[in-house]
Amino acid sequence: MNELEERSSKRHWLATPYAIWIIVFTVLPLIVIFRYALTDSAGHFTLENTAAVTSPINMKAMWFSLKIAFGCTVFCILLAYPMVLAMKHLGLGRRGISLFIIILPMWMNFILRILAWQMILSNNGILNLMITKLGFKPVAVANTPTAIMIGVVYDYLPYMILPIYTAIMDISDDLIEAAKDLGAGSFTVFFKVVFPLSIPGLLSGTVMVFVPSMTSFVISDILGGGKLQLIGNIIEQDFISGNNWHMGSGLSVALMIFVLISMEFTIREEKTGRESVIW
Amino acid sequence: MKKNRFSFKKIAAIIMMAALVIPAGGCGKAAAVGEITVINYGEYLDPDMLDLFTKETGIKVNYEEAITPEEMYTKYSSGAIKYDLVCSSDYMMKKMILEGDFQEIPWDAMENKDNIGDKFYEFSSAFDPGNKYCVPYFWGTLGILYDTTKVKGPVDSWDVLFNGEYAGDIIMQNSMKDTFMVALKYLGYSVNTDNPDELKEAQQLLLAQKPDVQAYLVDEARDEVVAGNAAMAVVYSGEAYLGHEYNNDLAYVVPKEGSNVWIDCWAITKECEHPEYAAKFLDFLCREDVGMTNFEYIYYSTPNEKVVENMDEELRNDESIVPSDASVEKCEVCVQVDDDVTALMNELWKELKSE
């Protein structure tokens with residue numbers, strides 16, 4: 001046995017905290033959820049709780065969640081990608097500062113930040129104060145899907161920026177120079193070199209934004225004024241006010257299946273590319 | 001290097017000593033007596049009172065909060081934490097009494113029980129016959145808090161919420177029972193109806209109203225009216241008092257169609273191993289000085305007559321602090337706990353919220 005192998009077998013120990021963490025906080029809760037989801041209150045096996053996702057109320061919430069998640073992902077890409085390209089051309093020091101500024105708000109509790117948005121967007125809020133000062137008519141953004149969209153885009157944007165940033169910063173300048181030497185214009189360089197190499201980052205960013213915005217419920221509760229329901233709100237209600245854990249778990253399982261299906265495309269795509277940084 | 005090592009040792013020793021000594025010193029008294037775990041609504045007890053109680057009796061209080069009675073019930077029934085005392089509202093108390101979740105209050109151990117007015121024991125006997133399980137804590141009415149500068153004409157009827165005059169300026173409660181009660185009362189039905197047709201009619205009314213509703217909120221309902229974001233909100237009377245404190249233009253009314261009079265009570269769970277500690281805590285809450293401090297923290301109507309007697313004249317005459325007999329007379333206590341009715345209401349509420 002050579003030394004290298006021995007060392008790597010010793011290193012398996014390092015995975016112990018990870019394994020314990022995953023078992024206690026992911027595997028066991030999943031087992032509990034599946035148990036609740038697949039039984040009724042008498043303890044008999046049933047698929048009804050999971051199938052309940054097809055009821056009109058739940059479908060409506062699911063569809064709305066999908067729209068919010070899709071819109072959020074698109075907006076985040078549109079905002080993040082140019083931002084990262086701009087950052088690539090900054091000097092090392094300024095690049096660090098701009099990255100720091102993006103991460104800075106994440107040091108604060110996100111519920112506080114969403115509550116701040118509620119203040120900004122409310123009818124007599126800061127936004128309308130500024131708009132009316134400028135002589136325009138106040139807008140009624142509070143408690144609308146627009147408000148929820150602003151909230152999720154704001155909250156999840158860093159999760160789109162960071163993976164794209166890592167992917168794009170990894171692209172060697174030599175590649176770009178080589179392309180230019182061979183006569184490629186800046187458009188060709190972007191579409192033939194930079195963009196294809198940034199796809200893994202783009203995909204992991206998409207996963208990290210799409211899934212949480214699809215399943216969130218706090219943002220829609222605070223910024224939607226209790227009038228708009230994502231599927232997360234329905235699940236929350238089943239657990240908290242309806243005291244129906246079986247139904248809540250059933251819908252959670254349905255949501256998990258749905259998210260896995262929609263991610264299937266992304267992940268399959270990713271396997272063909274370079275292994276990505278985060279996912 | 002050597003010096004560093006020495007100081008490290010010293011620090012370690014200090015930490016270890018501290019770890020040994022501090023708990024022994026800090027909890028020495030408590031360990032001798034015991035502890036209780038209570039669950040209450042949020043911001044519904046002056047936190048200083050917990051420290052005072054521990055100081056006086058040596059009993060440590062583990063304090064938990066829930067936003068709604070349903071959330072409290074979910075927490076209680078999941079069994080993850082063993083609660084000794086719960087505080088909740090009338091209908092939830094009835095449900096839990098019927099389930100046999102409580103043990104009788106050892107009234108003999110409660111010196112201050114008579115500070116609570118007879119009227120309130122009568123109220124609570126609507127869901128606790130014979131006053132076996134419940135100690136009244138705070139009470140009030142459900143009504144409309146409105147901004148007098150934003151309404152045209154007097155507000156004395158639920159009609160203002162449904163006639164479309166204040167479209168986009170209305171805040172309703174994000175709580176199934178409270179919102180349904182408003183609609184049922186407006187339609188002239190009992191808040192305790194078990195008639196599915198009446199409930200569906202109430203839902204139709206609320207569905208028609210939904211486009212006019214700015215938001216369904218619980219705790220922030222009052223703040224939105226205070227901030228001028230909405231002209232009116234359905235709130236509990238105590239919230240109305242604080243709203244008026246923040247913004248003098250606000251007024252509170254119990255509509256003429258009648259409303260809900262609610263009463264929140266404490267009860268000892270059957271899991272409680274030391275009911276004598278729990279009773280001590282309840283007796284402590286009924287004490288005049290504690291009742292007063294708590295009242296001044298919460299500003300809901302207190303059933304503690306000693307506290308009411310010692311209030312400022314102005315407070316005592318405030319409808320939102322001490323609801324008048326005339327307005328209470330029109331109101332009903334909510335005691336509807338039939339599972340089928342709750343399930344139907346849940347379904348109708350979900351439909352309303354998802355529309």
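In what follows, every chain begins at residue 1, and chains take the letters A, B, ... in the order their sequences are listed. When reading the values below, keep in mind they use all heavy atoms of this one structure, side chains included, and skip hydrogens, waters and symmetry mates.
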Heavy-atom closest contact (A:Asn124 atom, B:Ala227 atom, distance):
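What the structure gives for the nearest pair is ND2-O, 3.4 Å.
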Rounded to the nearest 0.5 Å, what separation is found between the [atom1] atom of [X] and the [atom2] atom of [Y]?
X: B:Asn174; Y: A:Gln237; atom1: CG; atom2: CD; value: 7.5 Å
X: A:Leu121; Y: B:Asn229; atom1: CG; atom2: CG; value: 11.0 Å
X: A:Ser122; Y: B:Gln214; atom1: OG; atom2: CD; value: 8.5 Å
X: A:Leu228; Y: B:Tyr216; atom1: CG; atom2: OH; value: 10.5 Å
X: B:Ile171; Y: A:Asn143; atom1: CD1; atom2: CG; value: 7.0 Å
X: B:Glu224; Y: A:Asn123; atom1: CD; atom2: CG; value: 8.0 Å

Side chain, backbone, both or neither: which part of [X] has an atom under 4.5 Å from a heavy atom of chain A?
X: B:Ser77; value: side chain
X: B:Asn346; value: side chain
X: B:Lys75; value: neither

For the candidates A:Asp238, A:Asp221, A:Asn128, which exhibits the highest count of non-hydrogen atom pairs separated by less than 4.5 Å from chain B?
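That would be A:Asp238.
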Taking atom [atom1] of [X] as the centre, does the number of heavy atoms from other residues, nucleotides or ligands within less than 6.0 Å exceed 12?
X: B:Glu245; atom1: CD; result: yes
X: B:Ile67; atom1: CD1; result: no
X: A:Tyr159; atom1: OH; result: no
X: A:Phe70; atom1: CZ; result: no
X: B:Tyr73; atom1: OH; result: yes

When you measure from the side chain of B:Ser354 to the backbone of A:Ile57, do you find a donor-acceptor pair of N or O atoms at a distance under 3.5 Å?
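No, B:Ser354 side chain to A:Ile57 backbone: no donor-acceptor pair under 3.5 Å.
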Can you say whether A:Lys227 sits under 4.5 Å from chain B via the side chain, the backbone, both, or neither, judging by heavy atoms?
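Interface part for A:Lys227: both.
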Residue part contacting chain B, namely of A:Phe239, when any heavy atom lies under 4.5 Å:
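Backbone only.
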